[in-house]
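Report on the following structure.
In what follows, every chain begins at residue 1, and chains take the letters A, B, ... in the order their sequences are listed.
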Amino acid sequence: MGSVTETKFEVLNDELASKIDKILSENAYDSTKLVGILLDVQDVVPKKYVPMDVAAYVAAKLNIPLTGVYDVITFYASLSEKPRADHVINLCKSIVCKTNNYMDLQKSLEKFLGIKVGEATEDGKFALEYSACFGACDVAPAIKIDQDVYGKLTDEKLIEIINSYR
Amino acid sequence: MKEIKLSINNQKIVVPAGTTILEAAKEVGVHIPTLCYHPDQAIKANCRVCVVEVKGSRKLSAACSTPVWEGMEVITTSKKVLDSQKGVVELLIASHNQDCLNCQRNGTCELQNLAERFNIGKTNLDIDILTLPIDDGNPSIVRDPSKCIKCNRCVETCSKTQGVDVLTHAHRSDQYIISTPYNLPLGSTLCTFCGQCSAVCPVGAIVEKDNTEQVFEAIENQKKHVICQVAPAIRTALGDAFGLDDGAIVTGQMVNALKQLGFDKVFDTNFTADLTIIEEGNELIDRITNGGTLPMITSCSPGWINYVEGKYDHLLDHLSTCKSPQQMFGALSKSYYAEKMGIDPKDICTVSIMPCTAKKFEAQRDEMNTNGVRDVDVVLTTRELAKMIKMTGIDFEVLQEKEFDSPFGIGTGAAVIFGATGGVMEAALRTVYEVVVGEPMPSIDFEPARGLQGIKEADVDLNGTVVKVAVAHGLSNAKIVMDMIDKGECPYAFIEIMACPGGCVGGGGQPINTTMATKSKRIESTYKIDKEKLQYRKSHENPAINKLYEEYLEKPLGHKSHELLHTHYHPRDKKIGNIKLK
Ligand code: SF4
Ligand code: SF4
Ligand code: SF4
Ligand code: FES
Ligand code: FES
């Protein structure tokens with residue numbers, strides 16, 4: 001039985017705080033605009049994610065619970081709670097890709113990149129994430145690297161594509 | 001009220017408008033399966049296990065959320081209905097860590113009950129369990145997400161009932177989970193360890209930390225003198241775990257069971273509840289007459305203390321400095337009692353039986369020791385005690401009644417009502433009034449403090465000075481009172497706050513299936529014990545307490561009292577959920 005270990009993401013400094021304050025005031029501290037606020041905030045954080053202390057800061061400033069902020073960050077695929085990498089590889093796990101054995105593709109990806117789904121490579125180049133259907137069912141199983149879609153991949157082709165992003 | 005006629009499985013029934021199919025079916029003796037539904041909570045309708053057929057509608061309807069209408073014809077027994085209900089359970093089991101034999105909820109689990117009801121043994125579906133780590137890094141609560149069925153009951157309890165808000169749903173579709181922000185361990189959030197989430201969870205995904213093994217070991221150890229204290233709210237709740245009527249009074253049977261389990265002495269926390277009243281009552285009089293910080297707020301509920309230390313750490317001076325009855329007992333057991341018995345305090349193991357998971361946390365606080373020896377060594381919840389009794393094959397129902405041991409065996413009615421919301425207030429007033437006014441309160445039953453209303457207030461005339469008092473239970477009600485103090489708009493001089501709705505009878509460690517209705521029954525029994533079963537009803541009349549002051553403590557708020565019976569508070573560590581803005 002493993003125990004939960006605490007992840008520390010201490011990113012917030014005065015400079016970042018004042019950038020966040022600016023975003024908040026542009027949105028009139030209106031918590032109904034939370035998604036837009038978080039997207040803008042994520043954009044000013046290095047590695048493009050919303051770290052814990054940043055989320056807590058936004059929650060406190062908007063006077064809403066951190067739980068609600070966290071719920072939104074994890075609900076939208078365009079928001080991330082973890083540091084991202086230069087390139088994000090999305091692996092589709094929806095129904096068509098599932099029936100077309102996305103698991104094999106996942107195994108290959110994990111082998112080539114040396115990471116598991118949900119992790120990023122040590123050099124910070126690639127992050128591997130699951131995603132829901134992005135409309136490439138005709139070439140399932142499919143991946144999306146940043147905005148580019150690839151499907152029906154052999155191992156050789158996969159390596160070639162990944163290397164083209166290095 | 002408007003009445004609605006409908007039929008359920010062709011049985012005719014008339015119910016008030018607004019009744020749901022689920023409630024109407026119960027009236028005619030049909031129990032529709034449920035999982036996300038909880039009688040004390042808002043309707044969530046997310047699990048779909050309660051679907052039934054309504055004639056004329058093509059889709060099945062969720063019974064928990066569908067109100068009845070005139071002429072409605074409901075069928076709950078068709079193959080279509082059963083297949084759907086069974087399908088929901090099967091799907092849940094396919095993503096469930098089926099570990100019943102090792103699970104604390106084996107036997108009281110709603111999912112397991114349904115699996116049995118639908119005769120689901122193994123499923124043919126692919127097993128796909130989200131593997132997230134178990135959080136057992138705090139003294140009170142263990143969270144195991146692999147058993148969570150995502151009903152959201154805990155989320156509602158933590159955010160709405162308690163207003164603590166450390167649990168939420170997160171992610172979506174097949175990654176949907178119940179989580180803390182950033183999946184922090186509970187110990188790194190402002191969780192109060194009240195355990196209310198563990199009391200409403202239908203399965204074994206949030207449970208109390210199990211310390212029963214430690215107690216069996218201590219009893220087995222010949223070198224240890226193992227004693228126990230039992231909180232006021234156990235005697236009206238323990239029977240539930242053995243199928244007795246809600247609120248059954250089982251004091252004597254409980255003492256008997258504890259003696260059979262091998263405790264060297266079985267004592268009553270009521271004794272130190274009386275002591276708390278003497279110390280706290282005098283503290284209140286002292287604050288009123290000498291211009292101390294008012295309002296003074298009670299300090300016996302450790303979930304409440306955790307809450308205020310986390311969210312209102314600038315208002316800690318309002319807390320009474322009295323330790324809780326549990327900790328007063330612990331301190332006396334390692335000092336007065338040890339001396340009296342001629343036993344080295346290190347060889348005494350003090351176990352408490354509490355309705356509360358936060359008591360486990362309280363017992364482990366650094367400051368809760370007497371000359372370096374822990375005041376209380378192990379805390380068991382009502383559920384854990386029931387488990388020990390079952391494990392040892394003691395037939396609870398047929399047990400003869402036994403008496404508590406002395407010197408900590410006498411408690412008054414004022415102490416027993418600590419178990420119900422308003423009880424500490426009433427107990428304190430019974431004593432404070434008499435000390436200040438010089439004669440007993442006009443009526444010993446202080447009705448304004450009783451009942452399940454979230455916040456209760458009253459005026460008390462103390463020799464011409466009208467003192468306003470208030471009682472709050474459930475942390476969301478505590479928040480309302482604290483915000484009044486924070487804004488300088490609080491008219492009260494004395495406030496009782498309990499973390500759990502209903503007070504300790506509704507504690508987070510009480511038997512599974514405790515609902516508001518159960519709590520009412522327990523509260524009724526509590527006042528019955530006060531009125532009918534005990535010789536004394538006021539703390540200052542407890543002869544054993546008076547003897548304790550004569551022999552040992554000298555006087556209330558005296559030097560010895562301060563050393564043993566009082567404590568201090570500190571802001572909780574800077575947790576991430578508690579970011580302070582400049
Ligand atoms: S939660 Fe229920 S079904 Fe799951 S392992 Fe525990 S007892 Fe079994
Ligand atoms: S123990 Fe209480 S405060 Fe902690 S998560 Fe459960 S309900 Fe919330
Ligand atoms: S932890 Fe329990 S109460 Fe909370 S959502 Fe999961 S199953 Fe429901
Ligand atoms: S199911 Fe995978 S892209 Fe549509
Ligand atoms: S009990 Fe009705 S939907 Fe869950």
Please classify the contact between [X] and chain A as side chain, backbone, both or neither, with a heavy-atom cut-off of under 4.5 Å.
X      : value
B/V155 : neither
B/D174 : side chain
B/T180 : backbone
B/L186 : neither

Could you check whether atom [atom1] of [X] has more than 12 heavy atoms from other residues, nucleotides or ligands sitting under 6.0 Å from it?
X      : atom1 : result
B/K479 : NZ    : no
B/Y176 : OH    : yes
A/N63  : CG    : no

Would you give the length of the straight line joining atom OG1 of A/T74 to atom CD1 of B/I177, rounded to the nearest 0.5 angstrom? 7.5 Å
With chain B as the partner chain, list the residues of residues 151-161 of chain A whose heavy atoms fall under 4.5 Å from it, by residue number, and write 'none' if nothing qualifies. none
In this structure, which one of B/R172, B/H171, B/H169 forms a side-chain hydrogen bond (donor to acceptor under 3.5 Å, both in side chains) with A/D71?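 Only one option passes, and that is B/H169.
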Heavy-atom distance under 4.5 Å to chain B: side chain of A/A77, backbone, both or neither?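 Interface part for A/A77: both.
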For A/Y70 versus B/A170, what's the shortest heavy-atom pair and its separation?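 Nearest pair, atom of A/Y70 first, then B/A170: CE2-CB, 3.6 Å.
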Can you name the nearest heavy-atom pair linking B/Y182 to A/A55, along with the distance? OH-CB, 3.4 Å
Taking side chain as C-beta onward, heavy atoms only, is A/M52 less than 4.5 Å from B/L184? yes
